Amino acid sequence: MTKNFYVTTAIDYVNARPHIGHAFEKVLADALVRWHKAKGEKTWFLTGTDENAQKNARAAKEQGIPVKKFVDSNSKIFVELCKKLNVDYDRFIKTTEKEHKLNSQKIFKEIYDNGDIYKGEYEGLYCVGCEAFKTEKDLIDGKCPEHDIKPEWISEEAYFFKLSKYKDKLLKFIDSYIIPEQRKNEIVSRLKNEPLKDLCVSRTNLDWGIDSPIDKNFKIYVWFDALINYISGAEGNWPVDVHVIGKGINWFHSVIWPSILISADYDLPKKLLVHGYLNFQGKKISKSLGNVIDPIELVNKYGSDSVRYSLLRCSVFDDSDFSEELLKKRNNELADKLGNLILRISALAEKYGITKPVITLTLDDERKRLLRGSKLKIEVLDKKKNEYILRPKEGEGLKIEFGEVFPLILSYPSQFLEATISLIEKYLDNYEFDKALDEIFKFIDFCNGYTQEIRVWEHTEADRKILYQLIESIRKINPYLGIFIPETAKKIERIFKTDKIKKSEVLFKKI
RNA sequence: AGCGGGGUAGAGCAGUCUGGAGUGCUCGCGGGGCCCAUAACCCCGAGGUCGUGUGGUUCAAAUCCCACCCCCGCUACCA
């Protein structure tokens with residue numbers, strides 16, 4: 001039995017409601033899974049919530065709710081988010097699950113038995129109010145911002161993981177692991193330029209979390225157990241093919257996680273896809289700035305596909321801006337370009353009928369010459385790799401004389417489609433979903449322009465054949481659309497299922 | 001501070017590796033066209049000293065080299 005293509009997202013803290021960044025990550029991972037499904041692969045998609053953190057315990061106490069009850073009810077909101085966004089996971093893991101706890105302890109013990117966990121002294125700034133160690137960055141004017149007191153420098157017994165010994169192995173592994181290049185370079189330069197210290201993997205004096213299997217006085221450091229969720233939720237599909245994470249937790253997934261796996265003698269994950277953050281007017285989205293966007297509300301207001309589309313239009317790797325205004329703009333894009341095309345084409349097809357053209361063509365040299373000579377331009381994609389694409393010539397539209405060039409026009413949408421699809425697939429394989437989506441919409445634009453310039457509504461014999469070509473093209477590109485906007489793709493599929501086409505409903509309402 | 005990314009039309013971006021008239025895309029703005037369609041769709045136009053040095057190399061620089069300015073990211077227990 002071969003294992004399924006295994007994709008994960010980060011698991012989310014449940015101390016607050018999901019924000020738009022959570023939605024972004026889940027939708028990215030979902031699109032990746034849908035792409036692999038479209039390629040005919042079997043997939044396994046894991047997402048979930050991280051519930052053992054002290055932060056959750058603290059948030060629950062503040063609200064006067066038992067911790068378990070608190071994390072359960074908040075976890076449900078993340079499940080709801082996935083459902084609303086059509087994020088089609090196979091398994092939703094909660095790290096308070098018994099199985100996961102046992103699994104974390106098992107792996108902790110294995111590493112201990114291998115001699116990679118040892119007892120030492122942890123030194124650091126400790127805030128009595130938080131009952132937690134603080135870093136310099138957590139402090140404002142040297143004080144804990146929550147309790148307004150200076151933390152004390154204390155040292156206590158703790159267990160450490162021998163992270164330092166994996167430096168060379170990591171450098172080798174990382175080379176083919178982290179995507180994109182920029183994020184890889186960050187980690188590589190840190191590994192090369194800074195000493196790699198051992199990692200404290202225990203916490204003491206906590207009443208929430210997973211007990212250390214080797215010393216009852218300690219809990220397992222929450223990061224350690226959180227990472228292990230990927231194994232707990234694998235169900236026979238280990239190793240992970242793609243971890244989808246945000247840039248903020250790159251170090252944990254690039255350095256700590258592989259080290260744990262090497263130490264515990266597990267196969268390593270294949271790829272780490274590090275995405276950027278969504279900002280609001282160039283600023284970080286945060287509660288204190290009051291610019292948190294609730295994705296569930298957005299879906300209720302605008303529909304799943306509009307939200308998915310506007311998220312997937314954002315750059316995968318770089319930070320990008322996001323706002324409700326932008327979402328509205330994107331929604332209108334869907335209505336004007338895609339919605340309009342489907343409606344006008346289906347209306348024309350109902351009114352005049354379609355005829356399957358009998359002429360099939362390939363692009364021989366003569367036709368290539370014609371293409372170059374008249375209404376198309378050849379755009380350079382990558383000079384090095386000798387990749388080109390055919391596009392309508394700017395400023396000329398497609399006013400082609402009928403007659404001997406007619407077979408050429410007739411085959412043109414499918415020729416163009418072929419080039420577009422190979423591009424889309426290239427981008428999808430490179431995790432550049434935004435670019436893939438852009439190509440799809442360039443093709444939608446093309447179809448609108450083509451319809452216009454050929455004046456398909458004049459319903460000649462030729463128009464009926466051209467209409468057929470257009471519909472064939474839509475049918476062929478639709479599965480790619482389904483990766484991004486599955487609900488709409490299903491509707492489009494239904495509309496063009498037979499050759500007896502009825503005028504479609506409005507797919508997207510303009511806002 | 002160190003390392004990395006970036007500064008191109010009102011906004012957001014390609015283009016830079018491999019130099020060839022500021023070429024292009026999306027949005028916004030102005031004008032026109034079409035009438036199949038959701039005031040949609042199509043075409044044309046305005047708008048740029050390509051961060052600065054009126055720096056170097058070159059017949060030729062957004063692109064290569066140098067200096068400087070500005071923005072952003074990463075810098076480990078923040079899950």
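Throughout, a chain's letter reflects where its sequence line sits, starting with A, and its residues are numbered from 1. The structure displayed is predicted, hence computed values, not measured ones.
Base-pair partner of B:rC41: B:rG33 (Watson-Crick or G-U wobble, both distances under 3.5 Å). The nucleotide B:rC3 finds its pairing partner in B:rG73, both defining distances of the Watson-Crick or G-U wobble pair being shorter than 3.5 Å. When Watson-Crick and G-U wobble pairs are counted only if both distances are under 3.5 Å, B:rA60 pairs with no nucleotide at all. B:rU54 is unpaired under the Watson-Crick or G-U wobble criterion, no partner having all donor-acceptor distances under 3.5 Å. For B:rC27, the paired base is B:rG10 (Watson-Crick or G-U wobble, both distances below 3.5 Å). With a cut-off of 3.5 Å on both pairing distances, B:rG22 has no Watson-Crick or G-U wobble partner at all.
B:rG48 and B:rU38 have their C1' atoms separated by 35 Å, given to the nearest Å. Here the separation of B:rC77 from B:rG10, taken at their P atoms, is 43 Å to the nearest Å. When the P atom is used for both B:rA9 and B:rC50, the distance is 9 Å, rounded to whole Å. Here the separation of B:rU57 from B:rC42, taken at their C1' atoms, is 47 Å to the nearest Å. Between B:rC17 and B:rG22, the distance separating the two P atoms is 15 Å to the nearest Å. Between the P atoms of B:rA11 and B:rU52, the separation comes to 15 Å (whole Å). On the P atoms, B:rC68 is 49 Å away from B:rG31, given to the nearest whole Å. For the P atoms, the distance linking B:rG53 with B:rA62 amounts to 14 Å, nearest Å.
Across all strands shown, A:N340 has heavy atoms under 4.0 Å from base atoms, whether or not it also approaches the sugar-phosphate. At a threshold of 4.0 angstrom between heavy atoms, the contacts of A:I342 with the nucleic acid are absent. Looking at heavy-atom distances under 4.0 Å, A:L507 makes contact with a base. Looking at heavy-atom distances under 4.0 Å, A:V506 makes contact with a base. The residue A:N185 sits apart from the nucleic acid: no heavy atom pair falls under 4.0 Å. Heavy atoms of A:A53 sit nowhere under 4.0 angstrom from any nucleic acid atom. Looking at heavy-atom distances under 4.0 Å, A:F252 makes contact with a base. Within the 4.0 angstrom heavy-atom criterion, no nucleotide atom of any strand lies near A:F441.
Mapping A:N229 and A:K351 onto RNA chain B by nearest heavy atom places A:K351 at the nucleotide closer to the 5' end.
Taking the centre and axis of the six-membered ring of A:Y302, the NZ or CZ atom of A:R330 falls outside the cone set by 45° and 6.0 Å.
Using a cut-off of 4.0 Å between Lys/Arg side-chain N and Asp/Glu carboxylate O, A:E51 and A:K94 are scored as salt-bridged. Using a cut-off of 4.0 Å between Lys/Arg side-chain N and Asp/Glu carboxylate O, A:E487 and A:R308 are scored as not salt-bridged. A salt bridge links A:D72 with A:K68: at least one charged nitrogen is closer than 4.0 Å to a carboxylate oxygen. Salt-bridge formation is not detected for the pair A:R464/A:D499: no Lys NZ or Arg NE/NH1/NH2 atom is positioned less than 4.0 Å from an Asp or Glu carboxylate oxygen.
Listed candidates were B:rC34, B:rC42, B:rU38. Nearest to the side chain of A:N448 is B:rC42.
Taking the six-membered ring wherever Trp is involved, the centroid distance between the rings of A:F484 and A:F441 does not fall below 6.0 Å.
Panel note: side chain A:S473, backbone A:Q469; a donor-acceptor pair is recorded below 3.5 Å.
At a cut-off of 3.5 angstrom, counting only N and O atoms as typed in the model, there is a donor on one side and an acceptor on the other between the side-chain of A:Q452 and the base of B:rC36.
Within the structure, a side-chain polar atom (N or O) of A:R455 is placed less than 4.0 Å from OP1 or OP2 of B:rC35.
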List, with names and distances, any nitrogen or oxygen atoms from the protein found under 3.5 Å away from nitrogen or oxygen atoms belonging to nucleotides 26-29 of chain B.
from   : atom 1 : to     : atom 2 : distance (Å)
B:rC27 : OP1    : A:K337 : NZ     : 3.4

Are A:N185 and A:S189 close enough, and set up right, to give a side-chain hydrogen bond (donor to acceptor under 3.5 Å, both in side chains), and what steps lead you there?
CA-CA 6 Å; A:N185 293 341; A:S189 90; over 6 Å; no

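Between the C1' atom of B:rG7 and the CG atom of A:D318 lies a distance of 14 Å, rounded to the nearest Å.
Here the straight-line distance linking atom CZ of A:F252 with atom CG of A:L227 works out to 8.0 Å at 0.5 Å rounding.
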